[in-house]
J.: 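Pasting a structure below so you can have a look.
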Amino acid sequence: MTKTIATLLLAVCALQAVATVKKPIKKTSANRAAALAESAAKNKGPLYDGRAEVMQQADAIAASRGLERDWVRQAIGQAHYMPGIAKAILPPPVGVPKNWALYRSRFVEPLRIKAGTKFWLANQDTLQRAEEQTGVPANIIVGIVGVETIYGQNVGNFRVIDALCTLAFDFPTAHPKAEARAAFFRSELEEYLALTARTHTDPLALRGSYAGAMGWPQFMPSSWSRYAIDFDGDGRVDLFNSQADVIGSVANYFQAFHWQRGLPTHYPMRFDAATLDLPALLAPDIKPSFSVAELAAKGVVLEGAGAVATGPLALIELQNGEDAPLYVAGTENFYAITRYNWSSYYAMAVIELGQAVAEAVAARKLAQVPVQNAATSEAGMTK
């Protein structure tokens with residue numbers, strides 16, 4: 001799941017140039033949601049303890065999860081309805097153009113690269129250990145944490161209980177998938193209550209995103225329960241304060257979603273206009289569905305490593321507003337990143353931020369290597 005919301009909410013190298021934005025662009029849906037969420041955090045509605053039907057659902061949750069009835073009633077009853085969350089969770093208005101170059105600029109930028117470099121250098125041994133154990137590259141782990149929370153700088157201002165209760169009991173009916181989304185958040189609320197009971201944590205204390213995602217990697221409660229691990233060996237999982245647990249848990253998440261060691265995330269490609277069948281290529285969306293031969297038959301030309309790829313591939317389209325889209329051939333590892341957040345734009349931002357940080361780290365290390373002077377070098381050669 002986290003994916004999933006964090007997936008609601010809001011990757012190893014960029015292999016094709018990004019188009020330049022030539023005209024002013026309206027706010028992206030991500031910017032819009034962030035602005036709405038900021039406003040929503042300040043406006044609290046009534047408590048849920050006054051709604052009989054919600055208290056009945058609290059009793060059902062307690063019974064199904066084996067939790068103390070009065071404790072669940074108290075936790076849910078002290079949650080506030082947050083009217084602004086309902087606005088933030090709605091999809092953007094129809095007709096808002098997608099723009100990869102603009103989206104990328106929000107994540108692959110100096111602030112995150114600087115913070116990511118500091119995070120990498122402070123945790124390089126832990127990142128190496130996670131990569132060795134799971135096969136998930138350090139730059140992908142670093143890219144995720146940077147895109148999600150700028151390395152812990154923005155973990156969210158909402159009480160998790162407020163966010164989850166609002167979306168479980170008052171999910172906006174204007175949403176095209178309102179019923180399914182409400183059911184999802186009801187499940188996440190149950191997971192959250194079970195998690196806090198199990199860890200003896202005050203359910204009213206934790207804060208996260210407007211969708212209820214928590215910690216540096218923004219795990220939803222179900223993802224915390226399933227994939228978060230104790231990677232620092234202190235006997236507990238802490239995604240708010242232990243950077244080792246954050247690193248290990250992100251790597252464990254991707255391993256659970258079948259990350260393949262050594263497989264690139266995507267390959268560069270070009271089209272053969274004479275045989276191009278773009279509708280057929282885009283029909284499976286971002287799920288890898290074509291062999292190299294099948295892509296070739298539909299007008300996709302792969303070269304180098306891509307031409308000999310053995311696993312399924314997907315045609316990834318990243319629209320650029322009024323400019324030409326960016327296309328790459330996504331592998332099963334690209335698809336694995338979208339299990340964190342169902343978006344090819346998100347996945348590519350993770351990839352490219354991670355790569356930018358990796359390059360900054362390499363440059364920093366190179367600058368710190370002492371350089372032999374000419375005399376020393378010559379002396380060494382004549383010995």
Side-chain angles (χ1 to χ4, degrees), residues 1-16 18-19 28-30 91-92 96-104 106-108 136-137 139-140 143-144 147-148 176-177 180 184 218 223 250 253-260 263-271 276-292 294-302 305-306 309-321 324-355:
M1 162 241 98
T2 90
K3 49 195 110 267
T4 259
I5 297 296
T7 266
L8 279 174
L9 297 174
L10 50 6
V12 62
C13 76
L15 296 171
Q16 226 167 317
V18 176
T28 65
S29 59
V96 175
K98 294 181 178 180
N99 191 301
W100 160 239
L102 183 63
Y103 185 94
R104 180 186 188 278
R106 294 183 56 241
F107 298 106
V108 188
V136 181
N139 52 312
I140 295 298
I144 286 285
V147 167
E148 289 292 342
K177 298 181 180 179
F184 168 79
Q218 293 289 275
S223 287
V250 171
Y253 181 94
F254 282 125
Q255 185 178 44
F257 281 88
H258 312 298
W259 186 274
Q260 297 183 35
L263 179 70
T265 56
H266 59 284
Y267 300 108
M269 42 136 297
R270 58 185 175 84
F271 290 135
L276 179 61
D277 186 354
L278 195 57
L281 289 166
L282 294 175
D285 198 6
I286 54 182
K287 184 173 178 60
S289 305
F290 302 104
S291 66
V292 171
E294 289 169 336
L295 286 176
K298 292 177 171 57
V300 172
V301 179
L302 290 161
T310 57
L313 300 170
L315 179 65
I316 305 300
E317 178 185 69
L318 300 172
Q319 297 176 17
N320 267 313
L326 170 68
Y327 293 98
V328 297
T331 69
E332 290 172 291
N333 278 354
F334 188 99
Y335 186 70
I337 298 173
T338 67
R339 302 309 81 208
Y340 210 99
N341 184 317
W342 181 265
S343 166
S344 55
Y345 297 79
Y346 173 91
M348 190 63 82
V350 166
I351 293 167
E352 297 204 359
L353 174 60
Q355 180 63 23

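Model, not experiment: these values are computed from the prediction.
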J.: Tell me every residue that passes side-chain contact (heavy atoms from CB on, under 4.5 Å) with Gln255, counting only those two or more places apart in sequence or in another chain.
T.: Thr134, Asn252

J.: With sequence neighbours excluded, what pairs up with Glu317 under the side-chain contact (heavy atoms from CB on, under 4.5 Å) test?
T.: Leu282, Gln319, Pro325, Tyr327

J.: Just by distance, do the side chain of Asp285 and the backbone of Lys287 share a donor-acceptor pair under 3.5 Å?
T.: no

J.: Measuring centre to centre across the rings, with the benzene-like ring taken for any Trp, is Tyr340 within less than 6.0 Å of Phe254?
T.: yes

J.: If you round to the nearest 0.5 Å, how far is OH of Tyr335 from CD of Gln260?
T.: 13.5 Å

J.: Compare every heavy atom of Pro91 with every heavy atom of Pro176, then report the nearest pair and how far apart it is.
T.: CD-CG, 4.1 Å

J.: Testing the basics here: between Glu332 and Leu263, what is the closest heavy-atom pair and its distance to 0.1 Å?
T.: N-CD2, 4.1 Å

J.: Minimum heavy-atom separation for Ser289 and Pro312, please, with both atom names.
T.: N-CB, 4.2 Å

J.: At what distance, to the nearest 0.5 angstrom, does CG of Leu313 lie from NE2 of His266?
T.: 12.0 Å

J.: Report the residues that fulfil ring pair (Phe, Tyr, Trp, His ring centres under 6.0 Å) with Phe334, sequence neighbours left out, ordered by chain and then residue number.
T.: none

J.: What pair of heavy atoms forms the shortest contact from Ile286 to Ser344, and how long is it?
T.: CG2-CB, 3.8 Å

J.: Ignoring hydrogens, what is the shortest heavy-atom contact between Tyr267 and Ala309? Give both atom names and the distance.
T.: CE1-CB, 3.8 Å

J.: Nearest 0.5 angstrom please: Ile316 CD1 to Thr338 OG1, how far?
T.: 8.0 Å

J.: Got a second to check how far Tyr346's OH is from Phe107's CZ, nearest 0.5 Å?
T.: 8.5 Å

J.: Quick check: closest heavy atoms across Ala336 and Phe257, and the distance to 0.1 Å?
T.: CB-O, 3.9 Å

J.: Compare all side-chain heavy atoms of Leu318 with those of Val328 and state whether any distance is below 4.5 angstrom.
T.: no

J.: Got a sec, which residues hit side-chain contact (heavy atoms from CB on, under 4.5 Å) with Lys298, two or more places apart in sequence or on another chain?
T.: Asp277, Ala280, Leu281, Phe290

J.: Would you sort out whether Met269 and Leu315 count as a side-chain contact (heavy atoms from CB on, under 4.5 Å), showing the intermediate values?
T.: CA-CA 9 Å; Met269 42 136 297; Leu315 179 65; 3.4 Å; yes

J.: Kindly compute the distance separating CG (Asn320) from CZ (Arg104), expressed to the nearest 0.5 Å.
T.: 11.0 Å

J.: Using 0.5 Å steps for rounding, measure from the CD1 atom of Ile140 to the CD1 atom of Ile337.
T.: 4.0 Å

J.: Would a 4.5 Å heavy-atom cut-off, applied to side chains only, mark Phe271 and Leu278 as touching?
T.: yes

J.: Please report the C-alpha distance between Tyr253 and Arg339 in whole Å, then the side-chain angles of each, then the deciding distance to 0.1 Å, and finally whether the side-chain contact (heavy atoms from CB on, under 4.5 Å) criterion is met.
T.: CA-CA 9 Å; Tyr253 181 94; Arg339 302 309 81 208; 4.3 Å; yes

